[in-house]
Structures are given as structure tokens and as C-alpha cells.
Enquirer: 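My structure is below; once you've seen it, I'll send some questions.
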Amino acid sequence: MSLGRHILADLSGIAPALLADPVKIEQILKIGAEAGNATVLAGHFHHFGLELGVTGVLLLMESHLSIHTWPEHGYAAVDIFMCGEAEADAALTALIAVLEPSHQQLFKHERGLPSGA
């Protein structure tokens, strides 16, 4: 049994206009947090300018959800780390459903495994 689940997702083939909209990106991460049964403590999102990307993070009671977008490439890098009762896989499923990437590469890692396990 691990202490948390860490998922890195490379998502591509996403509509550029969506990836350039900081308000929508924040809403999407909040959808992911809710789907994962996580509690949002704070968030910060930075938009790099017209038709440019967004970097954002939600600080969760159960860890974090972050995203970095490149609209010009239709690409988003997503980082989900959740512990406790939160469900990182459910958060990822929700994010993918909204972002609708045509391609995805996922890296999943259990964190905090006990010594010798």
C-alpha cells in the first residue's frame, strides 16, 4: 500500500484556443479535483499572453494538480499527485474527458511505499 499516487500525463492534439484560456484551464483543473474527491486549498494560474500558454496549480489538502500548456503545439503537461482518500485516476479521467486530447502518454507511480515492500 502506498501513501499516494503520482501521475504525469503528456496530452496532445488539444484545441489550441482551450489551452490558451486561463479561466477555462482553472475550471478544468477544478473539475479534476472534484472528480478525484480532493479538497482545493488554493490555486494560482499565470497566462503568458494572447494565444500563449497557461501554467497553473491547485494546492490540494491531498497534495496538488498542475498543468502547463502550449497552445501552439496543442499540448498540455499535467501533474497529479494525490494521497489519502483522493483518487488521482478519477481526476485524470475527468481532465481527459474535458481536454479531449487525441494522444496521451501516461506515467503512473506509487509514492511512499514502505521500506522493503
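All figures in this text were calculated on a predicted structure; none of them were measured in a lab.
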Enquirer: Between Gly74 and Leu19, what is the shortest heavy-atom contact and its length?
Expert: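 Looks like C-CD1, 3.5 Å.
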
Enquirer: To the nearest 0.5 Å, what is the distance between CG (Leu8) and CZ (Phe81)?
Expert: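 Rounded to the nearest 0.5 Å, the CG-CZ separation comes to 11.0 Å.
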
Enquirer: Less than 4.5 Å apart, side chain to side chain, heavy atoms only: is that true for Leu11 and Ile96?
Expert: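 When only atoms from C-beta onward are counted, Ile96 and Leu11 do touch, with a gap below 4.5 Å.
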
Enquirer: Do Trp70 and Ile14 come close enough that some side-chain heavy atom pair is under 4.5 Å?
Expert: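 Answer no - side chains too far apart.
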
Enquirer: Please enumerate all residues that pass side-chain hydrogen bond (donor to acceptor under 3.5 Å, both in side chains) together with Ser2, with sequence neighbours excluded.
Expert: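 If we apply the side-chain hydrogen bond (donor to acceptor under 3.5 Å, both in side chains) test to Ser2, skipping adjacent residues, the hits are Glu110.
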
Enquirer: Who clusters with Leu52? Use side-chain heavy atoms, under 4.5 angstrom, across I, L, V, M, F, W and Y, and order the result by chain and number.
Expert: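 Cluster partners of Leu52: Phe48.
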
Enquirer: Using every non-hydrogen atom in the two residues, find where Ala88 and Ile80 come nearest and quote the distance to one decimal.
Expert: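 Closest approach of Ala88 to Ile80, heavy atoms only: CB-CG2, 3.8 Å.
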
Enquirer: With ILVMFWY side chains joined below 4.5 Å, transitively, what does Leu41's cluster contain besides itself?
Expert: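 Besides Leu41, the hydrophobic cluster comprises Leu59, Met61, listed by chain and residue number.
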
Enquirer: Output the distance between atom CZ (Phe45) and atom CD (Gln27), rounded to the nearest 0.5 Å.
Expert: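 So the CZ of Phe45 and the CD of Gln27 are separated by 10.0 Å.
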
Enquirer: Shortest non-hydrogen contact from Gly32 to Ala91?
Expert: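 Closest pair (atom of Gly32, atom of Ala91, distance): O-CB, 3.2 Å.
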
Enquirer: For a 4.5 angstrom cut-off between non-hydrogen side-chain atoms, does Leu106 reach Leu92?
Expert: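 Yes; the side chains approach each other to less than 4.5 Å.
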
Enquirer: At their closest point, which heavy atom of Ala94 faces which heavy atom of Ala35, and how far apart are they?
Expert: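 Nearest pair, atom of Ala94 first, then Ala35: CB-CB, 3.5 Å.
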
Enquirer: Can you tell me if Thr69 uses its side chain to pair, donor with acceptor, with the backbone of Val54 under 3.5 Å?
Expert: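 Yes; judged by distance alone, with no hydrogens or angles, the pair exists.
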
Enquirer: Which heavy atom of Val40 sits nearest a heavy atom of Ala33, and at what distance?
Expert: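 Taking every non-hydrogen atom into account, CG2-CB, 3.8 Å.
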
Enquirer: I'd like to check the side-chain hydrogen bond (donor to acceptor under 3.5 Å, both in side chains) partners of Asp10; sequence neighbours left out, ordered by chain and number.
Expert: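 Result, side-chain hydrogen bond (donor to acceptor under 3.5 Å, both in side chains) vs Asp10: Tyr75.
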
Enquirer: With a sphere of 6.0 Å drawn around CD of Glu72, does it hold more than 12 non-hydrogen atoms of other residues, nucleotides or ligands?
Expert: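 Correct, the count exceeds 12.
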
Enquirer: Do the side chains of Val57 and Leu99 join up, straight or via other hydrophobic residues, at under 4.5 Å, putting them in one cluster?
Expert: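 No, because Val57 and Leu99 fall into different hydrophobic clusters, even though each may have its own neighbours under 4.5 Å.
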
Enquirer: Could you measure the distance from the OG atom of Ser66 to the CG atom of Leu60? Nearest 0.5 Å is fine.
Expert: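 Result: 10.0 Å between the selected atoms.
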
Enquirer: Considering only NZ, NE, NH1 and NH2 on the basic side and carboxylate oxygens on the acidic side, decide whether Lys30 and Glu26 come within less than 4.0 Å.
Expert: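 Glu26 and Lys30: salt-bridged.
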
Enquirer: Under a 3.5 Å threshold, yes or no: a donor from one side chain and an acceptor from the other, between Asp79 and His6?
Expert: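 Per modelled atom types, Asp79 and His6 side chains form a pair under 3.5 Å.
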
Enquirer: Who are the side-chain hydrogen bond (donor to acceptor under 3.5 Å, both in side chains) partners of Asp89, not counting sequence neighbours?
Expert: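 With sequence neighbours excluded, Asp89 shows a side-chain hydrogen bond (donor to acceptor under 3.5 Å, both in side chains) to Arg5, Lys108, given in chain and number order.
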
Enquirer: If you look at every heavy atom in Ala38 and Met82, which pair is closest and at what distance?
Expert: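 The answer is CB-CE, 3.9 Å.
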
Enquirer: Within the structure provided, determine whether Leu95 and Ile31 are in side-chain contact (heavy-atom separation under 4.5 Å).
Expert: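 Of all side-chain heavy-atom pairs linking Ile31 with Leu95, none is under 4.5 Å.
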
Enquirer: Which residues pass the side-chain hydrogen bond (donor to acceptor under 3.5 Å, both in side chains) test with His68, sequence neighbours left out?
Expert: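 side-chain hydrogen bond (donor to acceptor under 3.5 Å, both in side chains) check on His68 returns Thr55.
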
